[in-house]
Amino acid sequence: MNIDSIKFTDPPVHHQFPLLYENLGLPEVSSFIEQKYEFDFTVGKTKRKGYGTIRKYKGSGLYKVQLTGKINRIRAKKA
């Protein structure tokens with residue numbers, strides 16, 4: 001699989017939680033910035049499009065990248 005291009009589709013969204021929750025160390029209640037993207041990729045000779053989100057947690061600087069749609073018909077090559 002080769003990724004051919006990546007494009008951000010929406011402006012970043014800021015999610016701010018109160019400081020009371022920030023100090024718990026739980027990613028679910030930590031402030032973050034999230035942005036949606038789409039990407040084009042090639043598997044063999046077939047070109048496809050995928051979608052996802054990337055999230056950066058403000059306090060820790062960690063990133064979380066998710067694919068939000070299914071990527072169908074990718075199979076291992078038979079030996």
Side-chain angles (χ1 to χ4, degrees):
M1 180 169 117
N2 292 322
I3 296 177
D4 302 319
S5 67
I6 298 174
K7 177 176 79 172
F8 291 108
T9 57
D10 294 330
V13 178
H14 300 265
H15 298 273
Q16 190 70 38
F17 288 90
L19 286 176
L20 171 69
Y21 299 110
E22 290 289 332
N23 295 326
L24 296 175
L26 301 170
E28 308 84 50
V29 290
S30 298
S31 297
F32 60 90
I33 301 168
E34 185 173 74
Q35 193 164 15
K36 293 180 181 179
Y37 65 92
E38 67 181 39
F39 60 100
D40 296 316
F41 64 97
T42 305
V43 178
K45 295 181 181 179
T46 306
K47 292 189 177 211
R48 300 186 187 274
K49 187 175 291 283
Y51 301 92
T53 59
I54 185 167
R55 182 182 286 188
K56 180 184 180 197
Y57 293 97
K58 293 179 180 180
S60 66
L62 295 175
Y63 288 87
K64 180 178 182 181
V65 178
Q66 284 186 275
L67 300 178
T68 56
K70 278 187 169 182
I71 299 179
N72 294 325
R73 298 183 181 216
I74 296 180
R75 296 185 182 108
K77 200 173 192 179
K78 291 183 181 180

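Taking both residues in full, the closest heavy atoms of F41 and D4 are given as C-OD2, 3.5 Å, listed atom of the first, atom of the second, then distance. Across all non-hydrogen atoms, the minimal contact from P12 to Q35 is CD-NE2, 3.7 Å.
Cluster membership for Y63 and I3, using ILVMFWY side-chain heavy atoms within less than 4.5 angstrom, is shared. Following chains of ILVMFWY side-chain contacts shorter than 4.5 Å, one cannot reach Y57 starting from V13, and the two form parts of different hydrophobic clusters. The hydrophobic clustering, which links ILVMFWY residues whose side-chain heavy atoms are closer than 4.5 Å, places I33 and I6 apart.
Sparse packing is recorded around NZ of K64, with 12 or fewer heavy atoms of other residues, nucleotides or ligands lying under 6.0 Å away. By the 6.0 Å contact criterion, NZ on K58 is enclosed, its count of non-hydrogen atoms from other residues, nucleotides or ligands being greater than 12.
Q66 contributes atom CD, which lies 11.0 Å from atom CD1 of I54 (distance to the nearest 0.5 angstrom). In this structure, K56 NZ and S30 OG are separated by 13.5 Å, a value rounded to the nearest 0.5 Å. A distance of 5.0 Å separates OH in Y51 from CD in E38, rounded to the nearest 0.5 Å. Going from atom CZ of F8 over to atom NZ of K36 covers 13.5 Å, rounded to the nearest 0.5 Å.
Between F32 and F17, the ring planes are tilted. Angles from 30° to 60° get that label.
In summary, the side chains of N2 and T42 do not present any donor paired with an acceptor at a separation below 3.5 Å, with no hydrogens or angles considered.
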